[in-house]
Amino acid sequence: VDLRALISNAVDTFLPDFEAKQCKIITKLNYQCSACDPLRIIQCLNILFDNALKYSTSETLLVKNGVMGNYNFIIVQDEGPGIPEELQGALFQPFQRGKYAKQINPEGCGLGLSVVKAIMRAHGGNVSYSLTQENGSIFKLSWPV
């Protein structure tokens, strides 16, 4: 699969929603041929983009891809607010939602990120979360080349 084209299509699908929220999407996409299930990678991106729309107050979303060592990666990064440290340990467990998430989206059930983790594990990879120095969120999908 051409990851640049796959990611571009996923971004294009969400572009009107991000524009309505006055959020700019910056893409740093490289041509990258990858062995993966394209529908499942799109599903992961849809979950991450949907979460960014619901929970982030960021005016910018960065999406980039590449290869590091023997792993493909896709990064989705916003400018905040980040996820509190006390919630990060259970972030990818089903039915886990923080107080802020429940206030913003009371109808959510906390399954999205656990689905992302399961998809990445099925690819022999993983999903990780970290905070930027400015308290933004970085989600990184990775799986073997």
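Note that the structure is a prediction, hence the values are computed from the model and not measured.
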### Query
Considering residues, nucleotides and ligands other than Asn70, do more than 12 of their heavy atoms fall under 6.0 Å from its CG?
no
### Message
Donor-acceptor pair, distance only, cut-off 3.5 Å: does the side chain of His123 make one with the backbone of Asp37?
### Response
yes
### Query
Looking only at atom types and distance, does a side-chain atom of Asp78 sit under 3.5 Å from a main-chain N or O of Ser137, one as donor and one as acceptor?
yes
### Message
Is there a side-chain contact between Phe14 and Leu61 in this structure, where contact means two heavy atoms from C-beta onward sitting under 4.5 Å apart?
### Response
no
#### Entry: Interatomic distance, Leu3 atom CG to Cys36 atom SG [nearest 0.5 angstrom]
5.0 Å
### Query
Is there side-chain contact between Phe92 and Val127, with heavy atoms separated by less than 4.5 Å?
yes
### Task
Give a yes or no answer on whether the side chain of Asn72 reaches the backbone of Val67 with a donor-acceptor pair at less than 3.5 Å.
no
### Task
Using the side chain to side chain contact (heavy atoms under 4.5 Å, CB included) rule, take Phe139 and Leu45 through it: C-alpha gap first, then chi angles, then the decisive distance, then the call.
CA-CA 10 Å; Phe139 286 92; Leu45 291 173; over 6 Å; no
### Query
Is Glu85 atom CD crowded by more than 12 heavy atoms from other residues, nucleotides or ligands, each under 6.0 Å away?
no
### Query
When you look at Arg4 and Asn30, which way does the side chain to side chain contact (heavy atoms under 4.5 Å, CB included) test go after all the steps?
CA-CA 6 Å; Arg4 178 173 56 194; Asn30 300 302; over 6 Å; no
### Message
Would the distance check show the side chain of Lys64 and the main-chain N or O of Val76 forming a donor-acceptor pair, the cut-off being under 3.5 Å?
### Response
no
### Neighbour count >12 (heavy atoms, 6.0 Å) for atom OH, Tyr71
no
### Query
Looking only at heavy atoms, what is the nearest atom pair of Ser142 and Met120, with distance?
O-CE, 3.4 Å
### Query
Do Val63 and Phe49 touch side chain to side chain, with heavy atoms closer than 4.5 Å?
yes
### Side chains of Ile42 and Leu6 in contact at under 4.5 Å (non-hydrogen atoms)
yes
### Task
Would you kindly confirm whether Val145 and Ile41 end up in one hydrophobic cluster when ILVMFWY residues are joined by side chain heavy atoms under 4.5 Å apart?
no
### Query
Does any N or O in the side chain of Ser56 come within less than 3.5 Å of the main-chain N or O of Ser58, such that one atom is a donor and the other an acceptor?
yes
### Steps toward side chain to side chain contact (heavy atoms under 4.5 Å, CB included) verdict (Asn65, Ile75)
CA-CA 6 Å; Asn65 71 300; Ile75 290 177; over 6 Å; no
### Query
Do the side chains of Ile138 and Leu131 get nearer than 4.5 Å, heavy atoms only?
no
### Message
Ignoring hydrogens, what is the shortest heavy-atom contact between Thr60 and Cys23? Give both atom names and the distance.
### Response
N-SG, 3.8 Å
#### Entry: Shortest non-hydrogen contact from Gly124 toward Pro144
O-CD, 3.4 Å
### Query
Counting only N and O atoms by type, is there a donor-acceptor contact under 3.5 Å from the side chain of Gln32 to the main-chain atoms of Gly66?
yes
#### Entry: Backbone of Ile83 reached by a side-chain donor or acceptor of Tyr129 within 3.5 Å
yes
### Task
State, with a plain yes or no, whether a side-chain heavy atom of Trp143 is found less than 4.5 Å away from one of Asn126.
no
### Query
Below 4.5 Å, heavy atoms only, C-beta onward: do Leu48 and Leu141 meet side chain to side chain?
yes
### Task
Determine, step by step, whether Ile7 and Thr27 satisfy the side chain to side chain contact (heavy atoms under 4.5 Å, CB included) criterion, reporting the C-alpha distance in whole Å, the side-chain angles of both residues, the deciding distance to 0.1 Å, and the verdict.
CA-CA 9 Å; Ile7 297 166; Thr27 56; 5.7 Å; no
### Message
If you compare all heavy atoms of Ala52 against all heavy atoms of Lys21, which two are closest, and at what distance to 0.1 Å?
### Response
O-NZ, 3.2 Å
#### Entry: Lys140 vs Ile74 side-chain heavy atoms within contact, under 4.5 Å
no
### Query
Which value, rounded to the nearest 0.5 Å, describes the distance between Lys24 atom NZ and Glu59 atom CD?
10.0 Å
